[in-house]
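Data first, discussion second: the structure below is written as structure tokens.
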Amino acid sequence: IVVTGSDDHLWKMWALPDGNIIMTGEGHTDWLSGCCFHPSGTQLVTSSGDTTVRIWDFSKRGCILTLKGHAHPVWDCSWHSCGGFVASASMDKTSKIWDINSERCRYTMYGHKDSVNSIELLPFSNTVLTSSADKTLSLWDARTVISLF
């Protein structure tokens with residue numbers, strides 16, 4: 001399975017090797033910047049220039065949740081291995097941890113001096129890795145929102 005974004009703000013999921021479109025997602029109002037499968041493979045998270053993060057459910061064939069809170073485009077997104085949390089990285093110099101069950105931002109991480117370009121959650125831990133246009137990497141403890149270095 002391959003997921004691609006396009007200029008018309010849609011994403012498409014393709015089956016390999018036959019190349020058939022399995023599903024198309026419509027809802028973002030600007031370019032798509034990132035996507036990540038839920039650990040169970042039943043959902044997808046996407047990030048966009050429209051400042052939002054969206055959760056898509058394959059069985060419902062559509063968007064089930066839009067997360068709003070970044071002030072500028074969101075560059076990247078990632079699922080936690082437990083499936084209950086999503087992380088996002090934004091041009092607004094912050095990254096966020098979203099609680100999917102409560103549908104709200106649990107933590108906002110401040111400290112980068114420029115756009116946060118990527119984010120990754122270490123499996124089975126509370127450690128978050130961010131990279132920034134300020135030419136730094138930061139490791140964070142998601143429970144305390146403190147940079148470990």
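Since we're looking at a predicted model, the values are computed, not measured.
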How long is the gap from [atom1] on [X] to [atom2] on [Y], to the nearest 0.5 Å?
X      : Y      : atom1 : atom2 : value
Cys35  : Trp79  : SG    : CH2   : 12.5 Å
Ser131 : Glu120 : OG    : CD    : 10.0 Å
Ile97  : Ile119 : CD1   : CD1   : 5.0 Å
Leu122 : Leu129 : CG    : CG    : 9.0 Å
Leu67  : Cys105 : CG    : SG    : 9.0 Å

Taking atom types as modelled, is there a side-chain donor on [X] or [Y] under 3.5 Å from an acceptor on the other?
X     : Y      : result
Ser95 : Thr130 : no
Thr52 : Lys68  : no
Ser48 : Trp31  : no

Pairwise side-chain contact, [X] with [Y], heavy-atom cut-off 4.5 Å (strictly under):
X      : Y      : result
Phe85  : Tyr107 : no
Met109 : Val128 : yes
Ile64  : Gln43  : yes
Thr46  : Trp56  : yes
Ser47  : Ser88  : no
Val45  : Arg54  : no
Val86  : Val53  : yes
Leu139 : Thr127 : yes

key: Heavy-atom pair with the smallest gap, counting every atom of Ser90 and His70   =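 For Ser90 and His70, the tightest heavy-atom pair comes out as CB-ND1, 3.1 Å.
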ask   = What's the shortest heavy-atom distance between Cys36 and Cys77, and which atoms?
value =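 Distance-wise, the nearest heavy atoms are CB-O, 3.9 Å.
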message = Let me check something: do Val74 and Ile55 share a hydrophobic cluster, defined by ILVMFWY side-chain heavy atoms less than 4.5 Å apart, either directly or through other members?
response =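 Per the 4.5 Å side-chain linkage, Val74 and Ile55 are co-clustered.
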Give a yes or no on whether the backbone of [Y] and the side-chain of [X] come within a donor-acceptor separation of less than 3.5 Å.
X     : Y     : result
Thr51 : Pro73 : no
His28 : Asp30 : no
Ser33 : Trp75 : yes

key: Sequence neighbours excluded, every pair satisfying salt bridge (Lys or Arg N to Asp or Glu O under 4.0 Å) that has a member inside residues 76-93   =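 The answer is none; no pair qualifies.
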task = Return each pair, listed once, that meets salt bridge (Lys or Arg N to Asp or Glu O under 4.0 Å) where at least one residue sits in residues 102-116; pairs must be two or more places apart or across chains.
result =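 For residues 102-116, and leaving out neighbouring residues, the salt bridge (Lys or Arg N to Asp or Glu O under 4.0 Å) pairs sorted by first residue read Asp99-Arg106.
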task = Taking ring-ring contact (aromatic ring centres under 6.0 Å, His included) as the test, write out the residues that go with His80, two or more places apart.
result =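 Scan of His80 (ring-ring contact (aromatic ring centres under 6.0 Å, His included), adjacent residues dropped) gives none.
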